[in-house]
Every structure is written in C-alpha cells, then in structure tokens.
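Step one of this worksheet: look at the structure below.
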Amino acid sequence: MLIGDVMGRGLEAAAVMGQLRSAAHALAKTGMQPRRLMRALDTCVADLDVPDQLVTCCYLVIAPKAGTVTICSAGHLPVLVAGAGEGVRALDCPVNVPLGVGDGPFEQARVHISPGATLVLYTDGLIETPGSDIELRIGELTVLLEKSFTTAPCLETAADQVLAGLLPDPESHNDDVTLLLAQLPAT
C-alpha cells in the first residue's frame with residue numbers, strides 16, 4: 001500500500017503526484033524493500049526539478065500470513081492501526097525526511113499486526129485546518145476511529161463516519177482528502 005501527498009494545489013502538484021504514482025507502481029512491482037523504493041522516489045522528485053516541492057509518502061508491504069507490515073515513511077503522517085479489542089494506535093516506525101528534501105537515509109520498520117486489524121492511512125487534508133494543532137486533530141481522528149470501529153458494520157460506514165466527524169462541511173473544505181482503511185484477514 002502506498003499513500004502520498006504533494007504540497008500545493010493545481011496542475012503542477014497533480015502532475016508531480018501522477019508521475020510519482022506511476023514510478024511507485026512500477027517500482028513496487030519489482031518487490032523492492034520500502035526503504036529502497038523511497039530512495040528511488042526521492043531521486044524521481046529531485047529529477048523533476050520542481051522548486052519548493054514537498055512530497056510526503058508512506059509505503060507498506062503487508063505480509064498477512066506472517067502478521068507483519070514493513071513500513072517506510074518519508075515525512076508522512078503516522079499510520080494508525082485499529083486492532084480487534086486493542087483500540088487505535090500509531091504504528092511504531094521512523095519518520096524520514098520528505099521526498100525531495102535531500103539524500104538522507106530512509107529507514108524502515110517491521111511491525112507485528114494482529115489478525116483482523118485495520119490499517120488507517122490518510123493525507124493531511126483530513127486533519128489539517130487553519131489554526132488547528134495537528135496532534136490534537138490526530139487525537140480527534142483516533143477517537144472517531146475507536147468509536148466507528150465499535151459501531152460501524154463495515155469499513156465503508158466507518159470511513160463515512162470519520163469523514164463526517166472531521167469534515168462536517170466538505171463543500172467549504174479547500175484541500176484534497178484521502179482516507180484509506182485496509183483490514184487484514186482475521187485468520
């Protein structure tokens with residue numbers, strides 16, 4: 001699984017995201033480790049030569065039978081995991097520099113995930129609002145997820161409840177929003 005966000009709006013940001021999506025898709029098919037994929041995407045961003053372009057990205061390789069997720073984050077918001085009866089928590093992984101900032105090392109982590117757990121990936125458009133504290137908004141997201149996973153009959157309903165709770169007036173929201181919920185097999 002891969003999620004990313006390009007700072008900015010409009011055609012230029014969309015073009016950068018499209019190019020990175022294509023590159024990430026091709027690189028992921030090779031089976032390379034997340035840290036190597038991030039290094040390759042970092043080179044792609046540098047090659048685009050777009051000044052002041054900040055790109056965050058998070059790449060996860062899920063091994064459901066082993067119950068593990070290998071994760072590498074390039075400046076992206078924390079991935080949350082909702083485990084059956086375990087509440088919602090952030091996956092423990094290093095957060096590396098965003099893509100295009102420089103050639104810093106990209107570290108990855110392998111994390112054990114409970115069967116049936118749900119991974120929650122999102123972009124800053126979901127939680128970032130003018131004048132808000134991002135940590136408080138991640139806390140609000142966590143509370144909404146805990147509530148939704150105890151009351152919602154399916155992931156789609158849970159996602160709808162989270163979106164309605166964090167974006168009560170979506171028409172006036174001026175940033176793109178991505179919320180991805182992915183549930184691992186229960187056994």
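Values reported hereafter were calculated over all heavy atoms of this structure, with side chains retained and with hydrogens, waters and symmetry mates removed.
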Could you check whether any side-chain N or O of Asn96 sits under 3.5 Å from a backbone N or O of Glu107, counting only pairs where one atom can act as donor and the other as acceptor? yes

With no hydrogens and no angle check, do the side chains of Arg110 and Thr70 hold a donor and an acceptor under 3.5 Å apart? yes

Under 6.0 Å from the CZ atom of Arg137, do we count more than 12 heavy atoms belonging to anything else shown? yes

Nearest 0.5 Å, please: how far is CD1 in Ile3 from CG in Leu119? 11.5 Å

Do side-chain atoms of Ser22 reach the backbone of Gly18 as a donor and acceptor pair under 3.5 angstrom? yes

With Val6, which of Val45, Leu54, Val55 fulfils side-chain contact (heavy atoms from CB on, under 4.5 Å)? Val55

In Å, rounded to the nearest 0.5 Å, how long is the span from OG1 of Thr56 to CG of Asp124? 6.5 Å

Consider only side-chain heavy atoms of I, L, V, M, F, W and Y, link residues closer than 4.5 Å, and tell whether Leu80 and Leu77 are in one cluster. yes

Working to the nearest 0.5 Å, report the span between OG1 of Thr142 and NZ of Lys147. 14.5 Å

With no hydrogens and no angle check, is any side-chain donor or acceptor of Tyr122 less than 3.5 Å from a backbone partner on Leu141? no

Between Leu121 and Met1, is there a side-chain heavy-atom distance shorter than 4.5 Å? yes

Asp92 atom CG, neighbour heavy-atom count above 12 within 6.0 Å: no

Can you tell if the side chain of Leu27 reaches within under 4.5 Å of the side chain of Arg36, non-hydrogen atoms only? no

